[in-house]
Every structure is written in structure tokens, then in C-alpha cells.
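To start, the structure itself, in C-alpha cells.
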Amino acid sequence: MTAPATDTAWVEGTEAVAAGIRRRVLKHVLDKGEGYMSQACSSAEWLAMLYTRVLRLAPVEAPLVAGEFPGVPGRDNPEYHTGAAVHGSPGPDYDRLIFSPAHYALSLYSVLIEVGRLDPAALDDYNRDGSTVEMIGAEHSPGFEVTSGSLAQALSQAAGIALGRKLKGERGKVWVVLSDGELEEGQTWEAVATASFLGLDNLRVVVDANGQQCDGLIDSVSSLEPMRERFISFGASCDEVDGHDLLALDEAMQRPSDRPHVVIARTDPVRGVPLLAERAPKIHTLRLGSDETERARYQAAYEAMLP
Amino acid sequence: MTTETVVRPHVQNFIDWAADKPEVVVLSADLTNSAEVGNWRDTYPDRFFSAGMAEQNMLSFAGGLAREGYQPWVHTFAVFIYRRPYDQLAMSIAYPNLPVRLIGFLPGITTPGGVTHQAIEDVAILRATPNMTVLETADATEVESVLDVAHGVDGPVYVRMLRGVMPRLFPREEPMRLDRVRVLSEGGDVTLFSAGILTEDAMRAVAALRAHDIHIRHVHVSTHKPFEDPEIVRSMGSATAGVVSAENHVITGGLGSALAEKIADHGLGQRLIRIGLRDTYVHGASRAYLARKYELDAAAIVRAVEELTGTRTGIDTEELEHVPLQAQGEVERADSL
């Protein structure tokens with residue numbers, strides 16, 4: 001269901017959510033001294049698109065207050081629940097979001113706060129012992145419903161969920177967020193091939209192609225190109241767009257497909273916080289040390305973001 | 001009367017069993033007939049999914065299906081379930097405690113496929129995996145009844161499964177039960193624990209030793225985890241000369257180790273001789289050859305009992321091969337009196 005081209009009234013609201021993601025994450029880095037900043041820079045627009053425009057989710061009565069860690073799942077822990085509660089009650093027509101790059105958790109928590117699904121106090125609990133708001137989110141963390149920190153497992157799990165939903169005749173889609181670095185894992189390609197073989201047209205993927213991984217630039221670590229052709233040759237349909245262009249994202253994310261559909265969002269890991277470029281290529285995390293001059297510059301950047 | 005020989009009991013039994021269980025689906029990684037589910041696929045084509053030769057994806061995928069209320073029964077060789085895709089097994093299935101049934105064929109030396117195909121440390125690894133239930137089949141009765149046992153577990157289950165031609169060692173009316181050992185014979189000299197294919201060897205050894213006035217309490221184990229049946233500790237406590245374990249597995253981390261843990265936990269102070277692979281890989285050859293070469297057979301059990309009791313029986317391989325085997329019902333347990 002592509003919206004009429006003239007209907008762009010939504011853009012302003014989505015832009016505001018994207019700006020809010022960057023602002024919250026930078027504020028967090030300033031308060032705590034470190035955090036996953038570049039991931040917020042690259043993901044803000046497509047995350048905002050998912051939560052304001054693309055995902056069909058049940059409403060929530062009130063923003064979820066992040067709870068204490070409920071213990072690990074097991075036969076002796078019937079109280080265990082996943083972090084999917086922020087997505088509202090599941091239903092056959094509602095979409096699901098399976099979030100793979102768990103180190104983007106800070107950005108995910110931030111967008112959930114921006115759209116009123118998570119209580120803002122959650123970020124006070126980020127990386128606090130005993131909290132569900134973990135630094136590398138797991139399935140009890142807000143916005144997560146599978147444990148994906150060992151990268152490339154989420155797409156396979158999502159494909160299993162997508163098959164299960166098809167077998168039950170459910171119409172909701174299963175959206176998956178991947179990072180580009182995890183395309184180096186062979187399991188990713190096993191999953192794409194299997195999803196294609198099984199005709200899982202309810203599976204839709206966003207890849208945050210920010211060109212970064214832990215060791216630095218992806219091009220210095222491994223080889224992932226041509227990324228779009230790889231997905232297509234494994235049986236998916238694939239769009240490749242500027243991941244900060246809301247209209248281009250909208251068209252690509254809403255495009256109908258008779259097979260698993262992948263949107264490669266080519267993104268800039270310093271978008272909105274150009275100061276970060278000075279640390280390139282080591283920008284996987286931003287740690288503000290004792291350099292007061294640098295801290296002051298990031299503080300100024302934050303103040304410039306305030307509405 | 002010797003034991004009945006049964007040919008491929010899983011094939012039709014699994015089809016019949018699954019008829020009224022629409023939530024049961026099967027995943028296969030290019031070993032469909034090798035894992036005895038070819039007919040199952042043809043009977044229930046809408047519930048069978050070929051995952052391709054891609055076990056990492058298959059295990060995570062199974063976790064996803066289980067989250068949607070399905071009960072995936074993964075059928076492949078035991079070795080390909082836990083060795084290549086262990087991270088997927090742990091994080092996509094075991095951690096979330098999902099009801100995925102991992103049916104592993106050709107455990108240990110039962111495969112002629114050589115070192116790449118021999119699951120020799122699977123029990124150790126999966127026993128150490130939280131939330132996992134670990135079962136092992138020894139005969140046709142257990143191959144048939146393990147389905148209900150696995151089905152009843154709220155969480156993931158790994159099964160060491162037999163295929164092809166196998167004996168029926170236990171009466172049909174005595175199905176496998178979760179975390180319950182079978183006491184197959186009584187005797188106060190030595191307590192012998194066996195699992196899987198070693199139980200048939202153990203039955204031969206016990207019968208031969210009885211003829212030489214050495215009396216063995218023989219306990220068959222089909223649940224490696226949980227391992228809490230009080231009969232385990234009780235059976236070890238009563239032996240005057242010690243305990244022997246026999247497993248188709250390395251002696252590190254499997255049945256023998258589990259018994260050593262019980263002996264220490266309960267201060268039983270028993271000697272324990274563990275029969276199994278002694279910190280070695282194996283190679284491709286027949287089961288009979290490997291059993292003899294690596295001392296996973298009735299003769300090895302007799303030698304262990306001789307060592308504990310300080311006797312020399314003179315029982316040889318030929319004598320053991322000619323011991324008549326009978327289907328063995330349970331003797332009365334202390335807690336069933």
C-alpha cells in the first residue's frame with residue numbers, strides 16, 4: 001500500500017522522531033561518558049520510518065516501564081516475558097519486528113521512547129545491573145523478542161516465525177533489522193536462501209549499511225559487495241536506497257514483493273553528529289575521556305540539536 | 001527365546017504418532033531418508049520442511065517456528081545437531097527454552113562414516129547446556145516410546161536415536177520414562193550402568209558373569225539429563241566391589257562422569273570404572289570392529305568387573321557372543337515395593 005506521492009504530511013513527524021533518536025543517544029553519551037553513537041547516526045531515519053510509517057503494531061495503553069531482569073527463561077520461570085510488550089498485543093494482522101544488531105539497543109530504546117511505547121526513565125536503567133535495559137539487548141530487553149546478540153541468528157529465527165505465521169494464515173509481516181557487518185556470517189546467506197526457497201513473502205528486512213564494524217571500516221575487514229546483487233542472487237528482492245532519505249525509504253520499504261524483500265539502507269555513521277568523523281574509522285563506540293575540550297564540543301553539538 | 005529383531009521401527013511409528021498432532025513439524029538438512037523420515041515427508045508433505053544442508057540456519061529457524069506454537073522435530077545425524085551449530089542450539093533454542101526436538105541419528109560408533117560423522121562428546125556438551133533434556137535410545141521399545149517422553153517436556157530435547165535394524169531389549173509394555181532408570185538385574189557385587197547400544201553388551205556380560213557366580217545390579221539409563229532418579233544413588237550404594245559405567249561416548253562428561261558426580265555428591269566412596277572412548281577420536285569402520293578396538297563391548301565390561309572383584313572368570317569373546325539374550329523387563333525397584 002504505497003501512499004499517494006503527494007501525501008507527504010507524515011514526513012515532518014518522522015523527521016522529528018529521527019532527530020529525537022540522535023538527540024537522546026548523544027545526551028546519553030554526554031551523561032554516561034560513552035555509548036553507541038554512530039549506530040544512532042546511521043539508523044535514525046529508518047528506525048523512525050519503521051515505528052511511524054511502516055510497522056503495523058497494536059497501540060499500547062501507556063509507555064512501558066522497563067522492569068527488572070525477570071530471570072532467564074526456563075521451566076522454573078513461568079513469569080518470564082520478552083521485550084515485545086512495547087509492540088502491543090500481537091495479532092494475526094499485526095507486524096512483528098525482530099531486531100538483530102543488539103548493540104543498536106540504545107537507538108532502539110530511544111525510538112521507542114520517541115513514539116511513546118517506552119517510558120523515558122528506561123534510559124536511566126541502561127546498562128544498570130539487574131535491569132532489562134541491557135547494553136547489548138537480549139529478548140527480555142524492551143523492543144526485543146529474540147536473543148540476537150550472536151549475530152546472524154535473528155534472520156533465521158525470523159524466517160521460522162514467518163513460516164509459522166504463514167502456516168497459521170496470519171497476514172502480518174515479520175520485519176527484521178540487520179546490520180551490514182553480520183552479512184559476513186555464513187548463516188545470513190543460509191537464511192536468505194531458505195526463506196526464498198520456502199517462499200516467505202511475509203519476511204521483510206532492513207539492512208543498516210553504514211560500512212562500519214567493530215574493527216573499523218567494513219572494506220578493511222572483509223568484502224560484502226555487491227550487496228544488492230548478493231541478496232538478489234540468493235532469491236530475495238532488494239532495494240538499495242539512501243538510508244537518510246525518508247521518501248526513498250518509504251517507497252522501498254512499502255514495495256510489494258512475492259519473495260523475501262530486503263531494503264539496503266546506505267547510511268552515514270556520522271550523520272547529524274559530524275564531530276564523530278574526527279575519530280574515524282574507530283567509531284563503533286564513542287567514549288568521551290578526560291579531554292574537556294572535546295566534551296565541550298559534543299555538548300555544544302547536543303545543544304544545537306535541541307528544538 | 002532370544003530377543004526380537006526389529007527393522008526401522010521409527011519409520012511407521014513416527015507417522016502414526018504424529019497423525020493427531022498437527023503442531024508437530026519436521027525439519028531435515030538433506031538427510032531425510034538417512035534419518036528415516038522420507039515416508040513421513042510423503043505422508044505429511046505440508047508439515048515437512050527441507051532446510052537444505054545448512055544446520056546453523058535450521059536450528060535458529062526451528063526456534064522461530066517453536067515461538068509460533070509449532071513443535072519442530074529436527075531430524076539429522078547427531079553430530080550435525082550439536083557440533084557445527086552449537087551457538088545456534090544454545091542461543092536460538094536452549095536459552096529461550098523452546099520445545100524443539102533434536103533427533104540425532106547414528107550416535108558414537110554406530111556410524112561407519114568416520115570421525116566427521118561420529119557424535120562422541122554430544123552427551124557431555126548437551127548435558128552442560130542449561131534447559132536441555134538429553135535422552136538416549138537403546139532398543140526398539142525406546143525408539144518408539146521416546147516420542148511421548150520428548151513430547152511431554154516443556155523445553156528443548158536432544159535424543160540419541162537408533163535407526164535401521166535393532167533389538168527389542170525391553171517389553172513393549174514398559175516404555176521409556178523421563179528420568180527413570182531401568183533396573184534390569186539384581187546383584188550385590190558390582191553395580192553396572194549402561195546406556196544406548198552398550199546396554200545389549202551389558203546384558204550379555206551380566207548373564208555370563210552370573211554363570212560364574214558374580215552378581216551384577218544392572219541399571220539401564222535412557223535419560224542423561226535430568227539425572228535425578230533416586231534409584232541411581234541407591235543402586236550404587238549397595239555394591240560391595242564398585243561401579244562400572246558403559247557408554248557409546250567419551251568417558252569425559254557423559255554417563256560415567258554423571259555417576260562420578262553422584263558418587264562425590266553423596267559421599268558414596270565407590271570405585272568407578274568408566275568404559276567408553278578414552279579421550280580419543282575414532283575412525284571410519286564397522287561398529288563391531290570399533291567396539292572391539294576401542295573396548296566398548298561386553299568383553300570390556302567383563303574385564304572391568306573382574307578388576308573390581310579381583311577375579312579371573314576366563315569369559316572370552318566367543319562365550320559372550322553366545323549368551324542368549326531375552327527381552328528384559330524391570331526387576332522391582334526399592335521404591336516400587
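Just so you know, these numbers use all the heavy atoms, side chains as well, and skip hydrogens, waters and symmetry mates.
For A/Ala159, the parts sitting under 4.5 Å from any heavy atom of chain B are the backbone and the side chain alike. Using a 4.5 Å cut-off between heavy atoms, B/Tyr70 touches chain A through its side chain atoms alone. If you measure heavy-atom distances from A/Leu155 to chain B, you find no contacts under 4.5 Å at all. Contact annotation for A/Glu145: only backbone heavy atoms (N, CA, C, O) come within less than 4.5 Å of a heavy atom of chain B.
Other residues, nucleotides and ligands place no more than 12 heavy atoms under 6.0 Å from the OH atom of B/Tyr281. Counting non-hydrogen atoms of other residues, nucleotides and ligands closer than 6.0 Å to CZ of A/Arg128 gives a total above 12. Open room surrounds CG on A/Asp76; 12 or fewer heavy atoms of other groups in view lie less than 6.0 Å from it. Other residues, nucleotides and ligands contribute at most 12 non-hydrogen atoms within 6.0 Å of the CZ atom of B/Arg84.
Taking 4.5 Å as the limit, some side-chain heavy atom of A/Leu163 sits within range of a side-chain heavy atom of B/Leu65. Proximity of A/Leu198 to B/Phe61: side-chain heavy atoms (C-beta onward) are separated by under 4.5 Å at one or more points. Side-chain contact between A/Val174 and B/Glu68 is absent, with no heavy atoms from C-beta onward closer than 4.5 Å. Using a 4.5 Å heavy-atom threshold, the side chains of B/Met91 and A/Val146 count as separate.
Between the side chains of B/Asp87 and A/Gln153, at least one donor N or O lies within less than 3.5 Å of an accepting N or O. Side-chain N/O atoms of A/Gln187 and B/Ser60 include a donor and acceptor closer than 3.5 Å.
Note on A/Glu139 versus B/Arg67: salt bridge recorded, some NZ/NE/NH1/NH2 to OD/OE distance being below 4.0 Å.
Once rounded to the nearest 0.5 Å, the distance linking CE of B/Met58 with CD of A/Glu190 reads 9.5 Å. To the nearest 0.5 angstrom, B/Asn97 atom CG is 11.0 Å from A/Tyr80 atom OH. Taking OG of A/Ser156 as the start and CD of B/Gln88 as the end, the distance is 7.5 Å to the nearest 0.5 Å.
For the set A/Ala152, A/Gly160, A/Ala193, A/Pro90, the entry with the most heavy-atom pairs within less than 4.5 Å of chain B is A/Gly160. Contacts with chain A were tallied for B/Gly63, B/Ser92, B/Gly155; B/Ser92 has the most, counting heavy-atom pairs under 4.5 Å. Most heavy-atom pairs under 4.5 Å with chain A, from the set B/Pro85, B/Pro130, B/Pro96: that is B/Pro96.
Not a single donor-acceptor pair under 3.5 Å links the side chain of A/Lys168 to the backbone N or O of B/Gly69.
Residue B/Ser50 comes nearest to A/Phe197 through the heavy atom pair O-CE2, 3.6 Å, listed as atom of the first residue, atom of the second, then distance.
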